[in-house]
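Naming convention: chains lettered A, B, ... in sequence-line order (proteins, then strands); numbering from 1 in each chain.
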Protein chains: 2
Amino acid sequence: MAKSRNTEQKIFDAATELFLEKGVDRTSVREIASRAGINLALMNYYFRSKENLFDAIFTALMKKNSEELIRILNSDLELNEKIRQYVHVYIDMLSENPLLVSFVMSILHRSRERITEMKAINSLYATDQFTRQIIEEGKKGNIRRTDPTHFFVDMLSLIAFPFAIKMLVMDKNNITEKEFQGFILERKERVPEILIDNLRPRR
Amino acid sequence: MAKSRNTEQKIFDAATELFLEKGVDRTSVREIASRAGINLALMNYYFRSKENLFDAIFTALMKKNSEELIRILNSDLELNEKIRQYVHVYIDMLSENPLLVSFVMSILHRSRERITEMKAINSLYATDQFTRQIIEEGKKGNIRRTDPTHFFVDMLSLIAFPFAIKMLVMDKNNITEKEFQGFILERKERVPEILIDNLRPRR
DNA sequence: TTTTGTTTTAAACAGCGTTTAAATTCATTA
DNA sequence: TAATGAATTTAAACGCTGTTTAAAACAAAA
């Protein structure tokens with residue numbers, strides 16, 4: 001019994017690694033069991049199926065990585081500062097988990113039809129608080145009136161997409177992993193600048 | 001013999017549909033054969049393996065969809081107009097092929113290690129012509145001096161990423177497929193505006 | 001000691017990608 | 001017309017996959 005929690009965790013960790021590295025569909029349950037150093041049948045004992053294990057992992061990953069982001073979106077920070085913090089924290093988080101974007105993208109495609117029921121995925125998106133803030137700042141004239149949906153999609157795109165095309169960027173610019181990290185670091189300043197610039201009132 | 005080209009094409013078309021819809025790994029060769037209305041063994045007769053068939057399809061998709069984009073990048077158009085045209089054509093192309101982004105993303109992840117040899121993928125990226133144009137316009141003071149790599153990554157992100165998170169956007173904003181198409185249409189004006197705005201000289 | 005939860009062993013199922021061998025259809029060409 | 005050779009089918013096999021099952025072994029708690 002003492003080992004139970006431990007074993008479950010070992011399966012969970014091994015599967016998480018493999019799912020992120022190779023993708024869910026290219027990872028076999030026998031490979032997970034082997035990396036976790038446990039028996040194949042134990043996978044079925046703890047998680048009923050591979051798909052079940054995947055759901056558990058996906059939910060945990062989303063929860064773990066989105067809590068701080070949501071806290072920032074819902075905070076009382078002034079808009080520009082909120083954007084800066086959000087981008088910083090998001091990019092830092094993805095830098096530590098560079099495979100996360102591809103993983104989530106593949107899930108969004110793989111599970112297109114059951115996205116509505118996958119509650120964990122909601123944490124990727126804007127909160128009502130933040131949406132309201134954008135609209136109200138627009139009304140006050142502090143920023144240009146902006147469609148919050150477009151603005152949030154812009155922000156997500158500029159933050160996340162570069163990680164999805166990492167290998168393309170490295171290959172075409174002939175740079176190393178380290179240099180790509182530097183490139184991403186630069187984006188922590190650049191992206192908020194683009195976003196805030198675009199919000200500035202015209203005329 | 002008369003049917004040969006036809007049959008090869010039927011396999012190719014069926015596989016393309018399925019790869020885009022379900023992803024390569026979730027599509028079985030038996031399913032392809034069934035949809036193409038041909039025999040399983042014929043798959044091996046025309047394409048030696050599933051991976052081979054995939055390579056052929058991927059190369060063809062990239063070529064078909066990138067030729068016009070590259071032509072625009074290499075044209076003599078004035079920079080702002082070039083950006084506008086590029087974004088327009090790109091978004092139109094993805095609108096007609098909304099699954100293409102997810103497909104390419106999955107390939108970038110799936111085949112991380114052999115990206116360098118996948119020449120077709122190069123067509124997704126900036127050309128030297130365009131890179132030079134950005135640098136020179138910066139020197140002339142027509143635009144703000146800008147890192148072309150960042151600029152191109154920004155542009156690709158704002159164009160492509162929304163398609164990758166389509167289901168998320170639809171779900172969270174509670175909109176239909178048609179309304180999402182409208183949302184994308186708005187981006188044809190919005191994205192060039194953001195990009196060109198950011199290039200404007202400061203002070 | 002009995003009970004309970006954990007772990008293993010072993011095997012089976014249908015489906016997968018792949019490959020093979022042989023038989024067959026069929027249009028063209030000799 | 002008959003022979004040639006490419007196109008297509010049928011049928012089967014290989015090892016691998018996800019999944020499930022049954023039975024046994026083990027450890028610790030009751």
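Taking the six-membered ring for Trp and the full ring otherwise, B:F103 and A:H109 have centroids separated by 6.0 Å or more.
Between B:D13 and B:K10, no side-chain nitrogen of the basic residue sits less than 4.0 Å from a carboxylate oxygen of the acidic one, so the salt-bridge criterion is not met. Using a 4.0 Å cut-off between charged side-chain N and carboxylate O, A:E21 and A:R35 make a salt bridge.
The separation between A:R26 atom CZ and D:dG18 atom P is 12 Å, rounded to whole Å. B:F54 has its CZ atom 13 Å from the P atom of C:dT18, to the nearest Å. Across the protein-nucleic acid pair, B:N39 atom CG and C:dA21 atom C1' stand 14 Å apart, rounded to whole Å. Look at CG on A:L40: it is 10 Å from P on D:dT17, rounded to the nearest Å. In this structure, CG of A:D25 is placed 15 Å from C1' of C:dG15, rounded to the nearest angstrom. Spacing between atom CG of B:N52 and atom P of C:dT18 amounts to 9 Å, rounded to whole angstrom units. Taking atom CD1 of B:I11 as the reference point, atom P of C:dT18 lies 14 Å away to the nearest angstrom. As a whole-Å value, the separation of A:I32 CD1 from D:dT17 P is 11 Å.
The side chain of A:Y45 places no N or O atom within less than 4.0 Å of a non-bridging phosphate oxygen (OP1 or OP2) of C:dT7. A close approach under 4.0 Å does occur between a side-chain nitrogen or oxygen of B:Y46 and OP1 or OP2 of D:dT8. For the OP1/OP2 pair of C:dT19 and a distance below 4.0 Å, the side-chain nitrogens and oxygens of B:N44 include at least one atom meeting the criterion. When the side-chain nitrogen and oxygen atoms of B:S49 are compared with OP1 and OP2 of C:dG17, none of them lie within a distance under 4.0 Å. Put simply, A:T7 has no side-chain N or O that comes within less than 4.0 Å of OP1 or OP2 on C:dT6.
Atoms OG1 and CD, from A:T131 and A:E136 in turn, are 11.0 Å apart once rounded to the nearest 0.5 Å.
Of all heavy-atom pairs between B:M105 and A:A164, the closest is SD-CB, 3.6 Å.
In terms of position along DNA chain D, the nucleotide closest to A:E31 lies nearer the 5' end than the nucleotide closest to the other residue of the pair A:A41 and A:E31.
Nearest to the side chain of B:R30, among C:dA10, C:dC16, D:dA7, sits C:dC16. When each of C:dT20, C:dT7, C:dG17 is scored by its nearest atom to the side-chain atoms of B:K50, the top-ranked nucleotide is C:dG17.
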